[in-house]
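Have a look at the structure below, then the notes.
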Protein chains: 4
Amino acid sequence: MTGNSNILDAAMRVFSKKGFRGSSIADITKEAGVSKALFYHYFKSKEDLLVIFAKKRLEDFSPLIRGLQADRPPEERVRFLIDFVLNELENESAKLRFYNMLYLSEDGVTAIEIAMNNYQEQFEQLFSVEKKLFSDLGFSDPAMEATFMRSTLQGISLEYLLGPADYPLEIMKKKLLTRYISNGDSK
Amino acid sequence: MTGNSNILDAAMRVFSKKGFRGSSIADITKEAGVSKALFYHYFKSKEDLLVIFAKKRLEDFSPLIRGLQADRPPEERVRFLIDFVLNELENESAKLRFYNMLYLSEDGVTAIEIAMNNYQEQFEQLFSVEKKLFSDLGFSDPAMEATFMRSTLQGISLEYLLGPADYPLEIMKKKLLTRYISNGDSK
Amino acid sequence: MTGNSNILDAAMRVFSKKGFRGSSIADITKEAGVSKALFYHYFKSKEDLLVIFAKKRLEDFSPLIRGLQADRPPEERVRFLIDFVLNELENESAKLRFYNMLYLSEDGVTAIEIAMNNYQEQFEQLFSVEKKLFSDLGFSDPAMEATFMRSTLQGISLEYLLGPADYPLEIMKKKLLTRYISNGDSK
Amino acid sequence: MTGNSNILDAAMRVFSKKGFRGSSIADITKEAGVSKALFYHYFKSKEDLLVIFAKKRLEDFSPLIRGLQADRPPEERVRFLIDFVLNELENESAKLRFYNMLYLSEDGVTAIEIAMNNYQEQFEQLFSVEKKLFSDLGFSDPAMEATFMRSTLQGISLEYLLGPADYPLEIMKKKLLTRYISNGDSK
DNA sequence: TATGAATGAGTATTCATTCAT
DNA sequence: CATGAATGAATACTCATTCAT
């Protein structure tokens, strides 16, 4: 573990608990067990971290793209998509809460825009394989369907994060799946 | 306009732009055109505002409950529900972005818990009329269906807020509606 | 009880607990159950209170002067002096702690100087009857003896105030008395 | 001079003039010629200073204990005790005024309690050598005598501090001494 | 006699950041 | 690679005081 990633890990832990604005460099370096000066040896600024995390998040989607590119029947692919997005919820809820706040905050939006410069292409790839998926599933407007799916997954994620204990995640997963794979009772 | 609500309005404007933690009392009082001290004449603390806004938000749902209680065919009620939630997006996107961040942040969760003390009952009422709606629509598990609907609406809202300009809100609305009212081509 | 004295009493209670600088006008008026503005209706400023209390304190000594002026044997008078100073300790320790701090603080010294303008004469009277007392007791330097007595009483008071529970006040009283009335074992 | 002790010295100067509550961190750091932030680099809080000073004060008594432990005739020891306590008055009156206020204020009492945790033992030692002294001098109740002596010294100190210019310190010293060493006219 | 609204200046404390070593 | 010393600017919050009513 380089000192660098030690600090990054600490930062993610702290941000997950107290948010970006609510966390200070002192909080982070205390959590990492290093001096504040060392933080500035590795990173340009506090905002710098946000860009790094935004990039990291975008990279998270690489395996999703590869999974959707694979030569598999669309039913398998849609199940893969749903599982990919919703399975990380249970293990990484603090981190995901942080990422969700990032999307909504001005700080985050700025960071994401900077990060996007390098990842625009990748993002378009993702959208493209999603469209391919819904086209293969027989939808007449695969782009809209991809957007709808993304929104629904986002909503389920968000509602889960608001109260993980009470949320019927598995049932929601199944409910969503039956919309695309006709093997269950939809009512 | 009492001094009190002048400050509250200013606070909402500022929070919407810069978030709760990102906004200072100085920002708020400057926006309101009053002294910092006057803020503390009316409010106990910065956190106090959060509780007030959380209560306000909970009150926003009163007309929704009344609308769903009305003696109307379920098709009309489901359309009312969807419209109620998604129509405010266009006019109040800044405010809603703030509320969404509130749900996700620790500050917000604390405030909501305090506010909830007075509104628990009302919230249960909302869930109850939603279940009635989906029961009337013929769903065998109306509670789960209500949760799914809520998640989907939340997801559409969130995705819209991330990029209002590009988001096909009307199409998503229609797509969602056809799930419950069989008059359109679902594919 | 006029509103005026209601506030003064409240102020003394608050000052006794938190000191002069540690108490705010808000603390005082809250304790008195009136508005801050009413405070300024009756008093010119916070410092004003200090002068008032300093005057009050100086007035406290009037009965002491009268008691020492009375035509009684010096043994009775010295006992009266000791009792007068030390008896109030038990009932009024909070108030006395406040007065003692007053003597030591710059705020207090200023206030006392202002108050003294009106009471200089009275104070000289007190010193004069004390000197008469020690002269009657046969001391060759009654002024010095008065100063010594005053210092000792002050010291006993102070030490008592530092820890009333553990301090052997009655024994100290007796010990002091035997210095002037030869009826006890001095060792 | 480390930055640390530079600030501590400045704090003592400021506290001596304006008291603890009457002094601000800004006052202290201005006096020390450093930034406010540096204060918090070295100290946890304003109250922290009080604990530090309380500890310092307790340490001041170490040489007194050693002096009283020494194998010397009790007459010499009692003279040492009186000199030790009263001699610092002339050089350090501002500092001592501050310490005396400390004893009386709630802030100070809290600080002293915290400081005492480490010095309880030392304090008991002091009391013990004082008792030994008065026992050697032939008093039947040395504990009470020690308390009486302490009170008298405290009182002389306090009265001196209230008006150093007019107070006959040397005469009081002699007066007190004759109580224990029979070589002078007590009247 | 009584108050609520209002404020400028100040309070302790924290922040992100820099720099010499 | 690593730190302690240092700071200007900001933070939430409080203060004594005034004034219109």
Side-chain angles (χ1 to χ4, degrees), chain A residues 2-4 6-7 20-30 32-50, chain B residues 2-4 6-7 20-30 32-50 107, chain C residues 2-4 6-7 20-30 32-49, chain D residues 2-4 6-7 20-30 32-49 107:
Chain A
T2 78
N4 185 316
N6 169 29
I7 295 176
F20 178 69
R21 292 272 193 168
S23 308
S24 69
I25 303 293
D27 290 336
I28 293 167
T29 52
K30 211 175 293 166
V34 300
S35 71
K36 271 187 288 178
L38 189 59
F39 175 90
Y40 285 94
H41 177 71
Y42 285 118
F43 307 102
K44 231 179 48 204
S45 70
K46 199 186 168 191
E47 264 70 27
D48 200 21
L49 287 183
L50 235 38
Chain B
T2 77
N4 184 317
N6 171 27
I7 295 176
F20 178 68
R21 293 272 194 167
S23 309
S24 70
I25 303 294
D27 291 337
I28 294 168
T29 53
K30 211 174 293 165
V34 298
S35 71
K36 267 188 288 177
L38 189 61
F39 175 91
Y40 288 95
H41 181 66
Y42 287 115
F43 307 101
K44 236 179 46 202
S45 69
K46 199 185 168 191
E47 263 71 27
D48 201 19
L49 286 183
L50 237 37
D107 303 320
Chain C
T2 78
N4 185 317
N6 170 29
I7 295 176
F20 177 69
R21 293 273 193 167
S23 307
S24 69
I25 303 293
D27 289 337
I28 294 167
T29 53
K30 211 175 294 164
V34 299
S35 71
K36 270 186 288 178
L38 190 60
F39 175 91
Y40 285 94
H41 178 72
Y42 285 118
F43 307 103
K44 230 179 49 204
S45 70
K46 200 186 167 191
E47 264 71 27
D48 200 21
L49 286 182
Chain D
T2 79
N4 185 318
N6 171 28
I7 295 176
F20 178 69
R21 293 270 193 167
S23 309
S24 70
I25 303 294
D27 291 337
I28 294 167
T29 53
K30 211 173 293 165
V34 299
S35 71
K36 268 189 289 176
L38 189 60
F39 175 90
Y40 287 95
H41 181 66
Y42 287 115
F43 307 102
K44 237 178 49 201
S45 68
K46 198 186 169 191
E47 264 72 27
D48 201 20
L49 286 183
D107 303 320

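So you know, we letter chains A, B, ... as the sequences are listed, proteins then strands, and number each from 1.
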**Report entry** Which residue lies more 5' along DNA chain E, comparing Ser35(B) with Val34(C) via nearest heavy atoms
**Finding:** Val34(C)
Requested in this report: First locate atom CG of Leu38(A), then atom CD1 of Ile7(A), and finally report the distance between them rounded to the nearest 0.5 Å.
Outcome: 4.5 Å
Requested in this report: Rounding to 10 degrees, work out the angle separating the end axes of the helix from dA2(E)-dT21(F) to dT21(E)-dA2(F) (five pairs an end).
Outcome: 10°
**Report entry** Any residue meeting side chain to side chain donor-acceptor pair (under 3.5 Å) with Asp27(B), in chain and number order, not counting sequence neighbours
**Finding:** Lys18(B), Ser24(B)
Query raised in the report: Expressed in angstrom and rounded to an integer, what is the separation of Phe43(D) atom CZ from dA5(F) atom P?
Result: 11 Å
Report task. Report yes if a side-chain nitrogen or oxygen of His41(D) is closer than 4.0 Å to either non-bridging phosphate oxygen (OP1 or OP2) of dA6(F); otherwise report no. Result -> no
Query raised in the report: Under the side chain to side chain donor-acceptor pair (under 3.5 Å) test, which residues partner Ser45(A), sequence neighbours left out?
Result: none
Under-3.5 Å N/O pairs linking protein and nucleotides 10-14 of chain F:
from: dA12(F); atom 1: OP1; to: Ser23(B); atom 2: O; distance (Å): 3.4
from: dA12(F); atom 1: OP1; to: Lys46(B); atom 2: NZ; distance (Å): 2.9
from: dA12(F); atom 1: OP2; to: Ile25(B); atom 2: N; distance (Å): 3.0
from: dC13(F); atom 1: OP2; to: Tyr40(B); atom 2: OH; distance (Å): 2.9
from: dC13(F); atom 1: OP2; to: Lys46(B); atom 2: N; distance (Å): 2.9
from: dC13(F); atom 1: O5'; to: Tyr40(B); atom 2: OH; distance (Å): 3.4
from: dC13(F); atom 1: N4; to: Lys36(B); atom 2: NZ; distance (Å): 3.2

Query - Any Tyr42(C) side-chain nitrogen or oxygen under 4.0 Å from OP1 or OP2 of dA2(E) - result: yes
Query raised in the report: Are any of the side-chain heavy atoms of Arg21(D) and Phe20(C) separated by less than 4.5 Å?
Result: no
Report summary line: Leu38(D) atom CG is separated from dA9(F) atom C1', nearest whole Å, by 16 Å
Query raised in the report: Expressed in angstrom and rounded to an integer, what is the separation of Lys30(C) atom NZ from dT3(E) atom P?
Result: 15 Å
**Report entry** Gap separating the OH atom of Tyr40(D) from the CG atom of Asp48(D), nearest 0.5 angstrom
**Finding:** 10.0 Å
Query - Listed partners of Phe43(D) passing ring pair (Phe, Tyr, Trp, His ring centres under 6.0 Å), at least two apart - result: Phe39(D)
Requested in this report: Not counting sequence neighbours, which residues clear side-chain contact (heavy atoms from CB on, under 4.5 Å) with Lys36(C)? List them please.
Outcome: Ile25(C), Ala26(C), Thr29(C)
